[in-house]
Amino acid sequence: MTKAYPVSSGGRNIACGLEFEAGVSDRVYRQGELSAIAGSLYFYGYKGDQVQPFIGLKLVVRDRDAAGTSLTPNAPAQISIFGKDGKSLASGYYGGGDGETPGSKLASFAFDQNFQSVMASISEDDRLEVAFNRKQGGTDVRIPIDLSVSEDGQPGHKGETAVRFLQCLRDLTRELQAKLK
């Protein structure tokens, strides 16, 4: 499931959001056991009233128990996103911590050239690749997110989520440019 939308505060668009959900067979830490992830990627144009673009990421990890009857929240140690050419936003990491949702982690990244790689993956390939690890400095579990699976859970909506996210970014960056003039 994926969904893109504008985020507003006080009647003004301040960010563009992209939500996703997926299942993953964790072969790195859990011998192939299933985990569910849910997350959101945000491009913020403002920090308070100041024009200061940055990227926000939230990732929630829930592990399925051995019986397959329940999901247990299990916050990752680190999270990131990879772009089309394999570049990660991690080089621009400047803060994060545990989220308010059980099993969640938050991270903020600088708006830099690596975000262009993420945008290329979204716009050209209709996909996003998120990553988490369970130990600080440990091996990443990487999960491809198919953006053609829209919020109704049905595949085959090629470009729909990506187009909504890109249109939001276009509108927000135009507003930011006008404010900077």
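Quick note: numbers below take in every heavy atom, side chains included, and nothing from hydrogens, waters or symmetry partners. Index from 1, following the sequence. Model, not experiment: these values are computed from the prediction.
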Are [X] and [Y] connected in the hydrophobic side-chain network, where two residues link if heavy atoms are under 4.5 Å apart?
| X | Y | value |
| --- | --- | --- |
| Phe109 | Leu176 | yes |
| Val60 | Ile37 | no |
| Phe115 | Leu106 | no |
| Phe82 | Phe132 | no |
| Leu128 | Val7 | yes |

If you take all heavy atoms of [X] and [Y], which pair is closest and at what distance?
| X | Y | result |
| --- | --- | --- |
| Arg62 | Leu71 | CB-CB, 3.8 Å |
| Arg30 | Leu34 | NH1-O, 2.8 Å |
| Ile55 | Ala110 | CG1-O, 4.1 Å |
| Lys135 | Gln78 | O-OE1, 4.2 Å |
| Gly32 | Ser25 | O-OG, 2.8 Å |
| Ser104 | Ala75 | O-CB, 3.7 Å |

With salt bridge (Lys or Arg N to Asp or Glu O under 4.0 Å) as the test, would you mind laying out the steps for Glu160 and Arg164 before giving the verdict? CA-CA 6 Å; Glu160 184 177 307; Arg164 284 187 183 148; 3.7 Å; yes

I'd like to know whether Asn114 forms a side-chain hydrogen bond (donor to acceptor under 3.5 Å, both in side chains) with Ser91, so could you lay out the CA-CA distance, the side-chain angles of the two residues, the decisive distance to 0.1 Å, and finally the verdict. CA-CA 8 Å; Asn114 290 340; Ser91 64; 2.9 Å; yes

Assess the residue pair Met119 and Leu169 against the criterion (side chain to side chain contact (heavy atoms under 4.5 Å, CB included)); give the C-alpha distance rounded to whole Å, side-chain angles, the decisive distance to 0.1 Å, and a yes or no. CA-CA 10 Å; Met119 291 308 303; Leu169 284 175; 3.2 Å; yes

Begin with the C-alpha distance, continue with both residues' side-chain angles, and end with the deciding distance and a verdict on side-chain hydrogen bond (donor to acceptor under 3.5 Å, both in side chains) for Ser70 and Arg64. CA-CA 6 Å; Ser70 66; Arg64 189 174 78 171; over 6 Å; no

side-chain hydrogen bond (donor to acceptor under 3.5 Å, both in side chains) evaluation trace for Asp63 with Ser35: CA-CA 4 Å; Asp63 296 329; Ser35 296; 2.6 Å; yes

Pair Asn13, Ser8: side-chain N/O donor-acceptor within cut-off below 3.5 Å: no

Any side-chain heavy-atom pair from [X] and [Y] closer than 4.5 angstrom?
| X | Y | result |
| --- | --- | --- |
| Pro6 | Cys16 | no |
| Lys58 | Glu100 | yes |
| Asp98 | Lys105 | yes |
| Val130 | Ile79 | no |
| Phe20 | Lys3 | no |
| Ile122 | Arg127 | no |

[X] side-chain N/O to [Y] backbone N/O, donor-acceptor pair under 3.5 Å:
| X | Y | value |
| --- | --- | --- |
| Thr2 | Val149 | yes |
| Thr173 | Arg170 | yes |
| Asn133 | Gly138 | yes |
| Asp85 | Lys87 | yes |

Kindly indicate, with the supporting measurements, whether the criterion side chain to side chain contact (heavy atoms under 4.5 Å, CB included) is fulfilled by Asp26 and Arg134. CA-CA 11 Å; Asp26 184 348; Arg134 295 177 186 269; 2.8 Å; yes

Evaluate the ring planes of Tyr5 and Tyr42, with Trp represented by its six-membered ring, and classify them as parallel (under 30°), tilted (30 to 60°) or perpendicular (over 60°). perpendicular

Between [atom1] on residue [X] and [atom2] on residue [Y], distance to nearest 0.5 Å:
| X | Y | atom1 | atom2 | answer |
| --- | --- | --- | --- | --- |
| Thr139 | Arg27 | OG1 | CZ | 15.5 Å |
| Leu41 | Leu59 | CG | CG | 11.0 Å |
| Glu21 | Ser40 | CD | OG | 11.0 Å |
| Ile145 | Met1 | CD1 | CE | 10.0 Å |
| Ser9 | Ile14 | OG | CD1 | 5.0 Å |
| Leu89 | Ser108 | CG | OG | 11.0 Å |

Measure from the ring center of Phe111 to the ring center of Phe43 and say whether it is less than 6.0 Å. yes

Tyr46 six-ring face occupied by Arg12 cation (under 6.0 Å, within 45°): yes

Check against side chain to side chain contact (heavy atoms under 4.5 Å, CB included), Val163 and Gln167: CA-CA 6 Å; Val163 166; Gln167 286 173 338; 3.6 Å; yes

Go through it in stages, so that I can follow the logic: the residues are Asp126 and Ser148, the test is side-chain hydrogen bond (donor to acceptor under 3.5 Å, both in side chains), and I'd like the CA-CA distance, side-chain angles, deciding distance and then a yes or no. CA-CA 6 Å; Asp126 215 19; Ser148 70; 4.5 Å; no

